[in-house]
Amino acid sequence: MFTNKNVKIVSEEVLSDNWYTLRKFTFDYQRKDGVWERQSREAYDRGNGATILLYNKIKQSIILTQQFRLPTYTNGNATGMMIESCAGLLDKDNAEACIRRETEEETGYKIGSVKKIFEAYMSPGSVTEILYFFVAEYDEGMKMGAGGGCDAEQENIEVMEIAFEKAVQMLKSGEIRDAKTMMLIQYAQLNNLLAA
Ligand SMILES: Nc1nc2c(ncn2[C@@H]2O[C@H](COP(=O)(O)OP(=O)(O)O[C@H]3O[C@H](CO)[C@@H](O)[C@H](O)[C@@H]3O)[C@@H](O)[C@H]2O)c(=O)[nH]1
Ligand SMILES: [Mg+2]
């Protein structure tokens with residue numbers, strides 16, 4: 001799994017495994033001048049995730065979600081509320097199966113075909129997570145329930161259907177400031193995703 005000849009992992013220590021896992025790695029790193037240096041870095045492993053932009057070309061609308069995100073509340077987000085694309089952790093599923101399940105749980109839509117557009121490390125200096133990005137069309141016929149998330153996980157998710165142009169404005173105004181959501185909206189703009 002490790003193939004970088006300039007890096008030798010020396011040790012790995014679990015600092016916390018209360019919910020997800022925080023590890024401290026000690027490793028030797030060979031600099032460009034050939035000198036080996038010992039370093040240590042913490043890495044937070046909360047698994048991998050998937051996210052999706054649901055869009056409707058006829059209505060020129062998209063589906064987003066809104067929920068309370070505690071970490072943002074501790075860092076300058078006055079209400080802690082975040083407007084985000086539907087997303088979830090992978091569990092043991094593959095990314096496509098995961099995003100279908102999350103979409104139904106969080107938004108109530110049972111979607112047809114989905115398209116994977118890219119994948120990204122969202123915070124590579126501290127979080128191990130890779131996030132898989134998808135887009136899919138939705139319509140009212142696909143609505144199976146209210147969505148809202150999983151009660152057992154205490155998710156209180158509000159489903160928002162909004163005009164795509166409004167979402168673009170909200171990105172400009174700073175009302176949307178979740179990275180994955182911004183990436184998806186900009187992908188839709190760049191690729192004329194909602195063009196007839
Ligand atoms: N009890 C407890 N529950 C937790 C904790 N951390 C997370 N959870 C709960 O675990 C559930 C995970 O829900 P998912 O829908 O699977 O994941 P997500 O939090 O929406 O994550 C998605 O968005 C993230 C933020 O953009 C992404 O980083 C992630 O990859 C994924 O796409 C949520 O109900 C969340 O509140 C914790 O420390 N304790
Ligand atoms: Mg989620």
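For ligands, and for the atoms within them, numbers begin at 1 and follow the listed sequence. These numbers were taken from a predicted model, which means no experiment stands behind them.
The shell of residues lying under 4.0 angstrom from ligand 1, judged by heavy atoms, includes Glu106. For Ala179, the heavy-atom gap to ligand 1 stays at 4.0 angstrom or more.
The backbone N or O of Ile130 lies less than 3.5 Å from a partner atom in the side chain of Asn48, making a donor-acceptor pair. Under a 3.5 Å cut-off, the side chain of Ser16 and the backbone N or O of Thr21 do not form any donor-acceptor pair. Within the 3.5 Å criterion, the main-chain N or O of Ser85 finds a donor-acceptor partner in the side chain of Thr181. No side-chain donor-acceptor contact under 3.5 Å links Lys180 to the backbone of Ile52. Counting only distance, with no hydrogens or angles, the side chain of Asn94 and the backbone of Glu96 share a donor-acceptor pair below 3.5 Å.
The shortest N/O to N/O separation between Asn48 and ligand 1 does not fall below 3.5 Å. At a 3.5 angstrom cut-off on N or O pairs, Thr51 does not count as close to ligand 1.
Between Phe164 and Tyr55, the distance from one ring center to the other does not fall under 6.0 angstrom.
When each atom of ligand 1 is checked for a heavy atom of Leu131 under 4.0 Å away, the hits are 30 (O), 32 (O). Atom numbering of ligand 1 starts at 1 in the shown order; those under 4.0 Å from a heavy atom of Tyr20 are 6 (N), 7 (C), 10 (O).
Scanning the protein for heavy atoms near atom 29 (C) of ligand 1, the closest one is Glu129 OE2, 2.9 Å. Nearest to atom 16 (O) of ligand 1 among the protein's heavy atoms is Leu89 N, 2.9 Å. Nearest non-hydrogen protein atom to atom 25 (C) of ligand 1 is Lys180 NZ, 3.5 Å. What sits closest to atom 11 (C) of ligand 1 on the protein, heavy atoms only, is Glu153 OE1, 3.7 Å. Scanning the protein heavy atoms around atom 13 (O) of ligand 1, the nearest turns out to be Glu155 OE2, 3.1 Å. With hydrogens left out, the protein atom closest to atom 38 (O) of ligand 1 is Trp19 CG, 3.3 Å, a heavy atom.
Expressed to the nearest 10°, the angle at the Mg ion (ligand 2) joining O in Ala87 with OE2 in Glu106 is 80°.
Between Glu140 and Lys59, at least one side-chain nitrogen of the basic residue sits less than 4.0 Å from a carboxylate oxygen of the acidic one, meeting the salt-bridge criterion.
In this structure, CG on Leu131 lies 7.5 Å from CE on Met183, to the nearest 0.5 angstrom.
Residue Ala87 holds the heavy atom nearest to atom 32 (O) of ligand 1 of all those in Ala87, Cys98, Gly149, Ser85. Nearest-residue assignment for atom 20 (O) of ligand 1 (options Gln67, Arg101, Arg69; heavy-atom criterion): Arg69. Nearest-residue assignment for atom 24 (C) of ligand 1 (options Met122, Met82, Arg46; heavy-atom criterion): Arg46.
Heavy-atom contacts from other residues, nucleotides or ligands closer than 6.0 Å to CZ of Phe118 number more than 12.
Distance screen at 4.0 Å: atom 36 (O) of ligand 1 has no protein heavy-atom neighbour inside the cut-off.
No hydrogens or angles considered: nothing links the side chains of Glu129 and Tyr20 as a donor-acceptor pair under 3.5 Å.
Tyr29 and Val7 get closest at one heavy-atom pair: CD1-CG2, 3.7 Å.
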